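Predicted model only: the values in this text are computed from it and were never measured.
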Amino acid sequence: MINLKKFLFSVSPAGNTVSWALLILRIAIALLMVTQHGWSKWMNFETLSKEFPDPIGFGSEFALILVLFAEIGCSLLLAIGVFSRLATVPLVINMSVALLIAHSGDAFQAKELPLLFLLIYIVLLIAGPGRFSLDDQMHKKRKR
């Protein structure tokens, strides 16, 4: 059985090449999510909060706040490599809702981007942040 605490808060033992790839992937996907998705929602919060899709039934404003938490807050944590696996969980949920609920009736072209984001987040969840992360530094201090 998998130890959930150990899985979420550990850093995968990756070599330098893999760690560089994970660093590039973490930063790139976080910057794309923040700049292309989260920031525009943040700037239009007042308007969007009244009409934002609420597929889960929490209310439009609260649904938008949850999406902003994932798209901006968790993306920034992922980029710098702090609580990386934990921060990836809301992003996986966010993209799953976008893919399976918000775009359920749309053509594949509308589903393609959330699917790509979801797959990348799943890879990062499984692989961990790599050596070039603050998670790795915190993990090393705990071992001492």
Side-chain angles (χ1 to χ4, degrees), residues 2-14 16-142:
I2 190 165
N3 181 336
L4 188 59
K5 182 178 178 184
K6 185 176 179 181
F7 175 76
L8 287 174
F9 296 104
S10 70
V11 178
S12 62
N16 280 343
T17 304
V18 173
S19 288
W20 278 111
L22 290 170
L23 174 67
I24 292 166
L25 185 62
R26 282 190 354 252
I27 291 172
I29 201 69
L31 286 175
L32 285 170
M33 181 57 72
V34 170
T35 60
Q36 300 302 307
H37 300 279
W39 190 253
S40 62
K41 289 179 182 85
W42 177 267
M43 293 286 90
N44 296 305
F45 182 84
E46 191 66 36
T47 305
L48 284 174
S49 65
K50 297 173 185 134
E51 61 189 44
F52 196 75
D54 180 28
I56 302 177
F58 292 138
S60 291
E61 186 173 344
F62 189 68
L64 179 57
I65 290 169
L66 290 176
V67 167
L68 288 171
F69 168 75
E71 291 182 358
I72 295 176
C74 293
S75 289
L76 293 174
L77 289 174
L78 185 62
I80 61 175
V82 176
F83 305 117
S84 301
R85 283 189 166 128
L86 196 58
T88 305
V89 173
L91 291 161
V92 167
I93 293 168
N94 186 36
M95 288 299 106
S96 297
V97 170
L99 178 67
L100 301 172
I101 298 173
H103 293 289
S104 64
D106 295 344
F108 180 74
Q109 291 157 333
K111 296 177 184 179
E112 185 177 13
L113 191 57
L115 178 61
L116 286 172
F117 273 106
L118 176 61
L119 293 173
I120 290 168
Y121 291 139
I122 290 171
V123 167
L124 289 170
L125 180 63
I126 294 168
R131 290 182 180 167
F132 306 124
S133 66
L134 291 177
D135 283 340
D136 186 59
Q137 298 306 309
M138 292 186 302
H139 183 70
K140 286 178 183 174
K141 284 182 183 178
R142 274 187 261 140

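- A pairwise comparison of heavy atoms in Ser19 and Arg131 identifies OG-N, 2.9 Å as the closest pair.
- In this structure, the separation between CG on Leu22 and OG1 on Thr17 is 11.0 Å, given to the nearest 0.5 Å.
- Atom OG1 in Thr35 sits 11.0 Å away from atom CD in Glu71 (nearest 0.5 Å).
- Side-chain atoms of Ser104 come within 3.5 Å of backbone atoms of Ile101 as a donor-acceptor pair (strictly under, hydrogens ignored).
- For the pair Leu115 and Phe108, the tightest heavy-atom approach, listed with the atom from each and the gap, is CD2-CE1, 4.1 Å.
- Heavy atoms only, all atoms of each residue included: Lys50 and Ser60 are closest at O-OG, 4.2 Å.
- Without hydrogens or angle criteria, Asn94 side chain to Ala70 main chain gives no donor-acceptor distance under 3.5 Å.
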**Request:** Begin with the C-alpha distance, continue with both residues' side-chain angles, and end with the deciding distance and a verdict on side chain to side chain contact (heavy atoms under 4.5 Å, CB included) for Asn16 and Phe132.
**Result:** CA-CA 9 Å; Asn16 280 343; Phe132 306 124; 3.8 Å; yes
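- To the nearest 0.5 angstrom, Phe52 atom CZ is 11.0 Å from Ile65 atom CD1.
- Between Leu113 atom CG and His103 atom NE2 the span is 8.5 Å, to the nearest 0.5 Å.
- Ring geometry for Trp42 versus Trp39: interplanar angle under 30°, hence parallel rather than tilted (30 to 60°).
- Heavy-atom minimum distance, Leu86 versus Pro90: O-CD, 3.2 Å.
- Across Thr47 and Glu51, no two heavy atoms sit closer than the pair O-CG, 3.6 Å.
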**Request:** Would you sort out whether Ile80 and Leu76 count as a side chain to side chain contact (heavy atoms under 4.5 Å, CB included), showing the intermediate values?
**Result:** CA-CA 6 Å; Ile80 61 175; Leu76 293 174; over 6 Å; no
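- Ser133 and Asp136 get closest at one heavy-atom pair: OG-N, 3.1 Å.
- Here the CD1 atom belonging to Ile93 is positioned 11.0 Å from the CG atom belonging to Leu118, to the nearest 0.5 angstrom.
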**Item:** Test side chain to side chain contact (heavy atoms under 4.5 Å, CB included) applied to Phe62 and Asp54, step by step
**Value:** CA-CA 9 Å; Phe62 189 68; Asp54 180 28; over 6 Å; no
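- Note: Ile29 CD1 to Leu124 CG = 8.0 Å, rounded to the nearest 0.5 Å.
- Each of Val34, Thr88, Leu68, Leu91 was scored for a side chain to side chain contact (heavy atoms under 4.5 Å, CB included) with Cys74, with one residue passing: Leu91.
- Taking the six-membered ring where tryptophan is involved, the planes of Phe117 and His37 are perpendicular, since the angle between them exceeds 60° and thus also 30°.
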